[in-house]
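These notes are about the structure you will find just below.
In the text below, chain A, chain B and the rest are named by the order of the sequence lines, each starting its count at 1.
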Amino acid sequence: MTLSIYNSLSRKKEPFQPRATGRVGMYVCGMTVYDFCHLGHARVLVVFDMVVRVLRSRGLEVRYVRNITDIDDKIIVRANELSEPIDAVTSRFIDAMHEDEAALNVMPPDEEPRATGHIQSIIDMVRVLQDKGLAYQGSNGDVYFRVRKFPGYGALSGRSLDELLTGARVEKDEGKDDPLDFVLWKTAKANEPSWPSPWGDGRPGWHIECSAMSTQCLGDHFDIHGGGMDLRFPHHENEIAQSEGATGKRFVNTWMHNGFVQIDEEKMSKSLGNFLTIRNLLADDPDPNRAGEVIRFLILLSHYRSPLNFSDGILGQARAGLDRLYAALRLAPAKPASALSAEVRSYEAAFQQALDDDFNTPSAIAVLFELAREINKASEARDTALVDELGCALKRLADVLGILYQDPERFLGIGSGSRSGVDGILSASEIENLLAERRQARESRDFARADEIRDQLEQMGVELMDRPDGSTEWRVR
RNA sequence: GGCCCGGUGGCAGAGUGGUUAUGCAGCGGUUUGCAAAACCGUGUACAUCGGUUCAAUUCCGGUCCGGGCCUCCA
């Protein structure tokens, strides 16, 4: 049983072999903080959080680094629009990102380096590139990477230099020797943040920060580098050129790229303006805690490399599925199981096998649903030992995906732990009063009145479930 | 234009050269005073046209359609 991962570099699934036994170094390109995170960002956050959890569940010691880009053209533009200092803008959106992450149950990375905190190592790397003849200062003062000097250029995106040139739009007003060259260090313009450097005051180009920070945090050569599909070219291609050019060593073993979130079959992006922010989606739900998990579950419900088309009703479907899992989990007390039966082991094996196949989370989740059915069956058969055992397995496996972490009754809105009393919903005591009346009506076989009360509560979003012992349970939808 | 990826039942979404994915929704049944939940059962699903094969949704080729990258973008 070995984990295999699709490597964008070789375009194949490959057995995953950490460089050092038992240890994994992983770097993911994070956010440029000039706005709130949207669903596309949520996908990167959740997908790689899942990857880390799966690796750790296999006993691997993972060092997970995800950067923050806190200096760049867009941020400068945004700060000007808002008439705010740059660092006020970035720190606000960094805080917002951390809130969004928490709502999605995404664990913080082990390190979260920021570009502005690594200017010196960026400068050092640019200098090395220049010394090696791979970089030059152009006529406009900017420093560029000389793409033609790096033999492997195009390997990741699967393109030759000539192909790239055909498609390239010729940029004017730049001091490049070759249109394919890209900027490493930008000369400061008036009223822009800048740092002193051998090439004059300026700031880093986008690509170089990731090369500098990843090698500084994880070493010249590490295991996994991830990010969105759109970063494959040019960003990651350029990172390889910079890092390997500077160190002379192989940079990354496995490149992972997640697919896009789409809306109406079209990529969700800032530039198209068709994005949904995480916080808006959370705010749209009467229960934001639940909504965060629903979004996470929705993301895990499709394979990370496939497009995820967001459409009406899709969140409701995800929610209904989670409800089912939580309802089953609720039947089992949260205590560790004793012996593991062969049956439970086979579910665990199926779950592992699904994830072994390039993190096939939809397939793994299918196993969770099978467990839920078994729990329900065992519960009806009053086999409490089996319920406990299956329940523990469900919880343990769900944990690997970072789902089913809330209290089931809370998630399901059952009883007084629910949102009763807020947002126009009756308070728990008001509901209990109506239930007492209904109970009397039922005892005197006045079913018309009993049903009237049920309908009344139903309209207010309170659902009733009569239990065999005559009591009634209620939940807020 | 160049280079990639994909088209699975009402919806979402895995997978496989011959056998049930899974979930949501629907329908029938068990249960219930009635419900809800749960359980059981239930769908001529694999864009299209050719080819390979005893057998193709699954492999190969063409066609059509959709998406992405080539420019900031997760």
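Under 3.5 Å, the side chain of A:Arg454 and the base of B:C34 form at least one donor-acceptor pair of N or O atoms. Judged by distance alone with a 3.5 Å cut-off, no donor-acceptor contact links the side chain of A:Arg43 to the base of B:A74. One N or O donor and one acceptor, one from the side chain of A:Asp451 and one from the base of B:G33, sit under 3.5 Å apart. The base of B:C73 is not paired with the side chain of A:Lys74 by any donor and acceptor separated by under 3.5 Å.
Each ring pair (Phe, Tyr, Trp, His ring centres under 6.0 Å) pair with one or both residues in residues 34-53 of chain A, not counting sequence neighbours, appears once here: A:Phe36-A:Phe93, A:His38-A:His41, A:His38-A:Phe275.
On the C1' atoms, B:C46 is 8 Å away from B:G9, given to the nearest whole Å.
Of the two residues near RNA chain B, A:Leu298 and A:Glu265, the one whose nearest nucleotide lies more 5' is A:Leu298. Residue-to-nucleotide proximity on RNA chain B shows that, of A:Leu464 and A:Leu39, the 5′-proximal contact is made by A:Leu464.
With hydrogens and angles ignored, the 3.5 Å screen pairs no side-chain donor or acceptor of A:Asp383 with any backbone N or O of A:Ala378. Of the possible donor and acceptor atoms, one in the side chain of A:Thr90 sits under 3.5 Å from a partner among the backbone N and O of A:Ile86. Put simply, the side chain of A:Asn360 never gets that close to the backbone of A:His303: no donor and acceptor are under 3.5 Å apart.
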Check nucleotides 2-6 of chain B for protein N or O atoms closer than 3.5 Å to its own N or O atoms and list the pairs.
unit_1, atom_1, unit_2, atom_2, d
B:G2, N2, A:Arg159, NH1, 3.2

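Within 4.0 Å (heavy atoms only), A:His257 reaches no atom of the nucleic acid at all. Residue-level contact check: A:Phe447 touches the bases, meaning some heavy atom is under 4.0 Å from a base atom. A:Asp466 comes within 4.0 angstrom of a nucleotide base, judged by non-hydrogen atoms across all strands. Within the nucleic acid shown, A:Met465 comes within 4.0 Å of at least one base atom, counting heavy atoms only.
Relative orientation of the A:Tyr326 and A:Phe411 rings is parallel, given thresholds of 30° and 60° on the angle between their planes.
Near RNA chain B, defined here as any heavy-atom distance below 4.0 Å, the residues from residues 371-381 of chain A are A:Arg373, A:Asn376, A:Lys377, A:Glu380, listed numerically.
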